[in-house]
J.: 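My questions all concern the structure below.
Chain identifiers are assigned alphabetically (A, B, ...) following the order of the sequence lines, protein sequences preceding nucleic acid strands; residue numbering begins at 1 within each chain. In what follows, every heavy atom counts, from backbone to side chain, and hydrogens, waters and symmetry copies are set aside.
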Amino acid sequence: MGKELSKSYDPALFEDKWYEYWLKEGLFKPKKGKKNETYTIVIPPPNVTSVLHMGHGLNNTIQDIIIRHKRMQGYEALWVPGTDHAGIATQNIVEKELAADGKKRTDYTREKFVDRVWETALKHQKSIISQLRKMGCSCDWDYNSFTFDEKRSAAVKKVFIELFNKGLIYKSKYIVNWCPRCGTALADDEVDHENRSGKIWHIKYPVKDSSEFVVVATTRPETMLGDTAIAFNDKDERYIKFKNAKFTIPLTDRDIEPIYDSYVDPEFGTGAVKVTPAHDPNDFEMGMRHNLPFINIMTGDAKMNENIPEKYRGMDRYECRKALVADLDAAGYLVKVEDHQNAVGQCYRCKTTIEPRYSDQWFVNMKELAGPALKAVADGKIEFLPERWIKVYNNWLNNIKDWCISRQLWWGHRIPVYYCESCGRMEAASEQPDRCPSCSGTVFRQDEDVLDTWFSSWLWPFSTLGWPEKTDSLSKFYPTSTLVTGPDIIFFWVARMIMAGLYFMGDIPFSRVFFTGMVMDIQGRKMSKSLGNGINPFDVINRHGADALRYTMVAIVSPNQNLKLGFPNEDDKESVDSFEIGAKFANKIWNASRYILMNTPDDFVMSDPYKNNCDVFDKWILSALNDAALRVNEALESARFNDAAKELYHFFWNDYCDYFIELSKTRIFSGDKTVKDGVLSVLFYVLKAFLKMLHPIMPFITEEIYQALPGVSGSIMVADYPEFDKDKTDKDAKLKASKFFNILYLARNIRGEMNVPLEKRLEILIKTNDKDIIEMCSGYEKELLSLAKGEKIAAGADILKPKGAAAGADEYCEVYLPLEGIIDPAAEMERLKKELDKVSKDFQKTKAKLENESFVAKAPPDVIEKEKSKLEEFTSLSDKLAKNIKMLENMK
RNA sequence: GGGCGGUUAGCUCAGUUGGGAGAGCGUCUGCCUUACAAGCAGAAUGUCGUCAGUUCGAUCCUGGCACUGCCCACCA
């Protein structure tokens with residue numbers, strides 16, 4: 001016996017309840033199923049910098065859909081959750097908080113500061129986890145990991161030490177991207193380039209002991225104080241003469257020498273380049289080639305240091321630029337200033353313009369790791385969806401540079417390298433060594449730097465499963481199955497995980513990567529804090545429920561495109577609510593289920609519809625269900641989530657509700673218990689299967705209704721996912737039902753077009769010699785009358801069109817509705833002519849095709865057959881319409 | 001400068017082997033019909049960006065062009 005559902009759909013009443021229930025029942029834990037295979041997903045760990053945004057909403061919904069689908073299909077399914085400590089980003093948050101109190105990081109000890117960051121991190125971690133739970137994510141929380149927790153730290157150390165000892169991690173002086181605000185080095189891909197309009201200054205460099213000079217152009221005049229050469233192209237005739245000359249840097253007393261290098265483009269500007277090896281990556285390369293001195297002229301926060309003339313010391317870089325340009329101008333060194341467009345690098349976290357800085361950093365030699373990673377994807381061991389991201393991936397790996405992994409931060413994995421204070425030897429170890437292997441010294445100092453946050457996340461697929469310990473989880477669930485992530489971190493994360501997996505585990509980390517689109521606002525802009533256009537998944541859940549959130553995103557998402565979402569906003573009256581799609585669908589499901597349960601008697605006993613005496617419509621809806629199962633499974637399997645969502649929507653709303661439930665009403669209210677129980681069994685059978693199919697997308701409402709259905713025990717989460725069965729599709733029933741629906745449509749169309757009031761019951765006359773139609777019209781007279789609002793029906797070959805009747809036709813029949821006195825003959829004429837017009841066009845098109853000799857000669861036979869039957873169909877239709885038009889004309 | 005997308009109904013977008021253009025929202029008409037007005041029934045609306053090519057046949061394949069978005073890139 002079933003339970004009652006409340007009058008209206010209110011997700012707040014049950015969503016939390018079911019999540020608790022699933023947790024309590026341990027349903028998120030992997031269990032051996034009938035497939036005897038595992039299916040694993042590791043979450044892309046959200047940063048503990050704030051709450052989740054819509055991107056996470058989409059990404060985690062997709063993961064949950066996949067894992068729930070696989071679980072129901074009988075895989076031993078595991079979804080590993082976790083969060084990322086997000087080094088620089090999290091440290092920035094805390095520094096901003098401190099700044100609000102007028103404090104700086106350096107006002108605290110390192111330990112105190114890190115404690116403070118932990119507090120923030122844990123606070124965010126907690127809210128992230130609660131958001132994931134709100135969304136219904138079926139993660140196994142026993143596996144919950146943090147990139148900076150003890151186990152993950154052990155993995156990081158192990159990896160660092162191993163790579164260090166193999167020489168793949170090295171320390172080197174190098175020019176790195178330096179964020180003066182964060183006070184740390186950044187990896188190349190942590191720098192965003194933005195085209196800005198700036199200036200280019202042309203400056204005279206006098207030749208020493210001569211009246212001659214050379215003009216160089218620069219976009220950053222302040223760096224001239226660190227120049228150590230002037231470079232010309234090695235084949236540039238114009239400048240050969242300076243081979244033995246010296247140049248004096250204007251406003252200083254420092255002399256520099258010329259160098260000749262192929263890097264310099266003689267066509268660009270004057271063909272002369274000032275060289276500042278410590279403040280420009282290209283100049284750095286030239287500096288290395290020509291053994292130039294490296295003069296660092298700035299401090300870590302981009303102020304001018306003591307290596308320059310006194311006047312400019314202590315100035316900020318831009319302040320210095322201004323002063324310097326003014327002085328150059330005054331002294332006659334400034335030739336001209338032009339507007340100039342160039343790409344300026346900025347810190348990806350705080351948008352400060354980066355300053356190339358010459359400093360000691362740690363690097364991973366990537367060349368060796370890249371090869372196998374390229375091969376794994378090229379060989380198809382790892383599949384990318386959509387496939388086109390392979391190109392992006394390949395391009396990056398083919399041009400890979402060494403990875404700068406050191407960060408001058410406090411929040412993160414401290415580099416496990418110890419320096420012997422007596423001999424300076426570097427020792428990589430998980431703990432401070434007791435004794436130096438070289439000099440037996442006992443005093444050590446650990447490296448101050450921490451590791452790039454991605455140095456912990458690239459180990460994620462195996463570190464979360466227990467590596468470096470040889471755990472059961474690791475052997476069971478590695479390699480994982482599908483990774484769901486955004487293409488924006490293909491370099492940061494995806495490529496590096498593949499490298500790490502292959503190197504440390506000797507196997508790919510996952511066999512498939514699904515790249516989602518990016519979530520945008522309704523105008524197609526990125527959601528960002530500064531624009532205030534972000535949508536908090538919590539707000540959506542509060543208004544519509546998690547199921548509506550999930551359904552909507554998945555219905556809108558398309559593998560090739562970003563998705564635009566809108567949500568009501570008090571400040572913006574134009575704002576739209578994208579999530580109504582999901583809310584409406586949930587409401588529909590709720591009401592349909594409520595209606596069925598409402599009409600279920602206490603003594604109802606569910607029977608197997610396949611063993612019952614089913615009628616045509618029962619067989620039709622069971623077939624439609626079976627067809628839907630095929631399409632939904634295929635769609636989910638190939639990550640076409642929008643197709644799955646739409647298929648379920650269409651099946652439920654149109655087939656099940658609009659037709660089947662409506663048709664079932666005559667039997668529900670027939671007064672015959674056997675008949676009623678029979679149709680209820682079909683209604684429940686189909687509803688149950690539908691709920692199972694929908695469950696991965698809308699877990700809460702499906703569980704709530706499922707457990708209210710008669711004869712159900714246990715969670716829908718562990719029910720078998722409906723699969724297609726070719727024996728369960730009844731073609732004959734489908735054809736008969738479609739003929740019936742056509743008649744229904746024709747009758748409704750006439751009523752609608754002619755604006756016949758609902759209370760006006762009409763006689764429905766059907767002229768046909770199709771035996772299916774005749775059979776359906778007598779067998780399902782009640783159904784047709786009730787759905788078409790008819791009074792009585794007559795069907796047969798000898799039906800005559802009454803005077804003043806409106807007509808409609810399809811290929812099998814003509815439908816007449818006697819409407820004398822109700823309709824306007826002129827309107828009816830117009831309607832029929834319009835219809836005929838449409839059909840005639842199709843007819844002409846098809847006819848022309850079949851008369852085209854080369855079409856008949858070259859098109860495949862099945863296509864020709866199809867065109868022929870189309871022609872027949874159009875012929876019969878247009879004949880019928882033409883005949884009816886003629887009859888109308890004759891009446892005049 | 002290189003690479004990758006997008007351009008289909010008023011809006012947002014589907015359209016997977018080239019063979020009668022679809023959905024949701026919005027609009028119009030009529031309905032409180034024994035679940036659902038967050039609903040029901042009906043209707044209207046498209047030179048599928050543009051030009052050429054391949055083909056019996058192109059929204060779909062190829063090339064050019066236009067507009068648009070994203071990624072990569074050391075040009076002073």
J.: Can you tell me how far P in G30(B) sits from the matching atom in C36(B), rounded to whole Å?
T.: 23 Å
J.: Between U47(B) and U59(B), how many Å separate the two P atoms, rounded to a whole number?
T.: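 Pairwise P distance, U47(B) against U59(B), rounds to 13 Å.
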J.: Check the distance between G30(B)'s C1' and R748(A)'s CZ and give it to me in whole angstrom.
T.: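 Rounding to the nearest Å, CZ of R748(A) and C1' of G30(B) are 14 Å apart.
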J.: With respect to the phosphate group of C40(B), does any side-chain polar atom (N or O) of K588(A) fall under 4.0 Å of OP1 or OP2?
T.: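 Looking at the OP1 and OP2 atoms of C40(B), one of them is under 4.0 Å from a side-chain N or O of K588(A).
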J.: Hey, does the side chain of Y745(A) come within less than 4.0 Å of A43(B)'s phosphate (OP1/OP2), counting only N and O?
T.: yes
J.: Any salt bridge between E872(A) and K868(A), counting N to O under 4.0 Å?
T.: no
J.: Would E830(A) and K833(A) pass as an ion pair if we require N to O under 4.0 Å?
T.: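 Between K833(A) and E830(A) there is no salt bridge, as every charged N stays at least 4.0 Å from the carboxylate O atoms.
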J.: Between G69(B) and C13(B), how far apart are the two P atoms, rounded to whole Å?
T.: 14 Å
J.: Taking the side chain of P860(A) as heavy atoms from C-beta outward, which of G5(B), C75(B), G19(B) is closest to it?
T.: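 Between G5(B), C75(B), G19(B), the one nearest the side chain of P860(A) would be G19(B).
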J.: Measure across R550(A) and I697(A) and return the closest heavy-atom pair with its distance rounded to 0.1 Å.
T.: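 What the structure gives for the nearest pair is NE-O, 2.9 Å.
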J.: Using atom P in both nucleotides, what's the gap between G2(B) and A9(B) to the nearest angstrom?
T.: 32 Å
J.: Starting at atom CG of N394(A), determine the distance to atom P of C4(B), rounded to an integer number of angstrom.
T.: 13 Å
J.: What's the verdict on ring-ring contact (aromatic ring centres under 6.0 Å, His included) for Y656(A) and F690(A), showing C-alpha distance, side-chain angles and the deciding distance?
T.: CA-CA 10 Å; Y656(A) 188 71; F690(A) 164 75; 7.3 Å; no
J.: Step by step, work out the salt bridge (charged side-chain N to carboxylate O under 4.0 Å, His left out) result for E791(A) and R761(A).
T.: CA-CA 5 Å; E791(A) 192 174 32; R761(A) 301 279 150 164; over 6 Å; no
J.: Assuming nearest nucleotide by heavy-atom distance, tell me which of T218(A) and N642(A) is located more 5' along RNA chain B.
T.: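 Counting from the 5' end, the first nearest nucleotide belongs to N642(A).
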J.: Please work out if V863(A) contacts a base, only the sugar-phosphate, or nothing of the nucleic acid, heavy-atom cut-off 4.0 Å.
T.: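 Base contact - V863(A) has a heavy atom under 4.0 Å of at least one base atom.
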J.: Would one find a side-chain N or O of W389(A) under 4.0 angstrom from OP1 or OP2 of C71(B)?
T.: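 Answer is no, no contact under 4.0 Å.
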J.: Once you round it to whole Å, what is the distance between P of A43(B) and CD1 of I750(A)?
T.: 11 Å
J.: Checking contacts here: which listed nucleotide (A21(B), C56(B), A35(B)) is nearest the side-chain heavy atoms of F855(A)?
T.: C56(B)
J.: Taking only N/O atoms, report every protein-nucleotides 22-26 of chain B pair under 3.5 Å with atom names and distance.
T.:
| from | atom 1 | to | atom 2 | distance (Å) |
| --- | --- | --- | --- | --- |
| C25(B) | OP1 | K584(A) | NZ | 3.2 |

J.: If you assign each of I522(A) and H544(A) to its closest nucleotide in RNA chain B, which residue comes earlier from the 5' end?
T.: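 Between the two, 5'-proximity favours I522(A).
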J.: Before accepting this row, confirm whether a basic side-chain N of the pair K336(A)/E338(A) lies closer than 4.0 Å to the acidic partner's carboxylate O.
T.: yes
J.: Report yes if some heavy atom in the side chain of I535(A) is under 4.5 Å from a heavy atom in the side chain of M527(A); otherwise report no.
T.: yes
J.: Using atom C1' of each nucleotide, how far apart are G22(B) and C48(B) to the nearest Å?
T.: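 About 12 Å, rounded to a whole number of Å.
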J.: Check whether the aromatic ring of F669(A) stacks on the base of U34(B), taking stacking as ring centres less than 5.5 Å apart and planes within 30° of each other.
T.: yes
J.: Just wondering, more than 12 heavy atoms not from M288(A) lying within 6.0 Å of its CE?
T.: no
J.: Please work out if K274(A) contacts a base, only the sugar-phosphate, or nothing of the nucleic acid, heavy-atom cut-off 4.0 Å.
T.: nothing
J.: Could you work out which one of A14(B), G42(B), C56(B) sits closest to the side chain of N749(A)?
T.: G42(B)
J.: Assess whether a salt bridge exists between E355(A) and R220(A), defined as any Lys/Arg side-chain N lying under 4.0 Å from an Asp/Glu carboxylate O.
T.: yes
J.: Taking atom P of C40(B) as reference, at what distance in whole Å does atom CG of N587(A) sit?
T.: 10 Å
J.: Side chain of N591(A) only, heavy atoms from C-beta on: which candidate in A76(B), C36(B), C40(B) is closest?
T.: C36(B)
J.: Would you indicate, yes or no, if C13(B) has its OP1 or OP2 atom less than 4.0 angstrom from a side-chain nitrogen or oxygen of K564(A)?
T.: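 For C13(B), OP1 or OP2 has a side-chain N or O of K564(A) closer than 4.0 Å.
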J.: Quick one: is Q561(A) getting a side-chain N or O under 4.0 Å of the A14(B) phosphate, OP1 or OP2?
T.: yes
J.: For R289(A), is there an ion pair with D261(A) - N to carboxylate O distance below 4.0 angstrom?
T.: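 Yes, this pair counts.
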J.: Distance check, P atoms only: G57(B) and G64(B), in whole angstrom units.
T.: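 G57(B) and G64(B) have their P atoms separated by 23 Å.
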J.: Could you work out which one of A44(B), U29(B), A76(B) sits closest to the side chain of N755(A)?
T.: U29(B)
J.: Scan R640(A) against the nucleic acid and name what it touches under 4.0 Å (heavy atoms): base, sugar-phosphate only, or nothing.
T.: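 It contacts base atoms.
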J.: Regarding D265(A), tell me which of base, sugar-phosphate or nothing describes its non-hydrogen contacts under 4.0 Å with the strands shown.
T.: base
J.: When we call it a touch if two heavy atoms are under 4.0 Å apart, what does V264(A) touch: a base, just sugar-phosphate, or nothing?
T.: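 Base, at least one base atom sits under 4.0 Å.
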J.: Mind calculating the distance between CG (N395(A)) and P (C72(B)) to the nearest angstrom?
T.: 11 Å
J.: Rounded to whole Å, how long is the line connecting atom CZ of F491(A) with atom P of A73(B)?
T.: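 These atoms are roughly 8 Å apart.
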J.: Which listed nucleotide (G19(B), C36(B), A21(B)) is nearest to the side chain of K845(A)?
T.: A21(B)
J.: Please determine if a side-chain N or O atom of N599(A) lies less than 4.0 Å away from the OP1 or OP2 oxygen of U34(B).
T.: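 No, because none of the side-chain N or O atoms of N599(A) sits under 4.0 Å from OP1 or OP2 of U34(B).
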J.: When the P atoms of U8(B) and U68(B) are compared, how many Å lie between them, rounded to an integer?
T.: 15 Å
J.: Give me the atom names and distance for the closest heavy-atom approach of M754(A) to E828(A).
T.: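 Nearest heavy atoms, M754(A) then E828(A): CE-OE1, 3.6 Å.
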J.: Is a donor on one side and an acceptor on the other found under 3.5 Å between the side chain of S578(A) and the backbone of G566(A)?
T.: yes
J.: Do any side-chain nitrogens or oxygens of H202(A) fall under 4.0 Å of OP1 or OP2 in A76(B)?
T.: no
J.: Taking the P atom in each of G3(B) and U62(B), what is the distance between them to the nearest angstrom?
T.: 16 Å
J.: Ignoring hydrogens and angles, state whether a donor on the side chain of S854(A) or N852(A) is under 3.5 Å from an acceptor on the partner side chain.
T.: yes
J.: Please report, rounded to the nearest Å, how far the C1' atom of C11(B) is from the CD atom of Q523(A).
T.: 13 Å
J.: Between which residue ranges does RNA chain B form stems of three or more consecutive Watson-Crick or G-U wobble pairs, both distances under 3.5 Å?
T.: B:1-7 with B:66-72, B:10-13 with B:22-25, B:27-31 with B:39-43, B:49-53 with B:61-65
J.: Going by an N to O cut-off under 4.0 Å, is there a salt bridge joining K564(A) and D521(A)?
T.: no
J.: Could you give the CG-to-P distance, from N562(A) to G6(B), as a whole number of Å?
T.: 12 Å
J.: Using a cut-off of less than 4.0 Å, is there contact between a side-chain N or O of K7(A) and OP1 or OP2 of C36(B)?
T.: yes
J.: When all nucleic acid strands are considered with a 4.0 Å heavy-atom cut-off, which category describes D643(A): base, sugar-phosphate, or nothing?
T.: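 Since a base atom lies under 4.0 Å of D643(A), the category is base.
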J.: With respect to the phosphate group of A76(B), does any side-chain polar atom (N or O) of T219(A) fall under 4.0 Å of OP1 or OP2?
T.: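 Checking T219(A) against A76(B): no side-chain N or O falls below 4.0 Å of OP1 or OP2.
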J.: Tell me what W653(A) touches on the nucleic acid: a base, only sugar-phosphate, or nothing, going by heavy atoms under 4.0 Å.
T.: sugar-phosphate
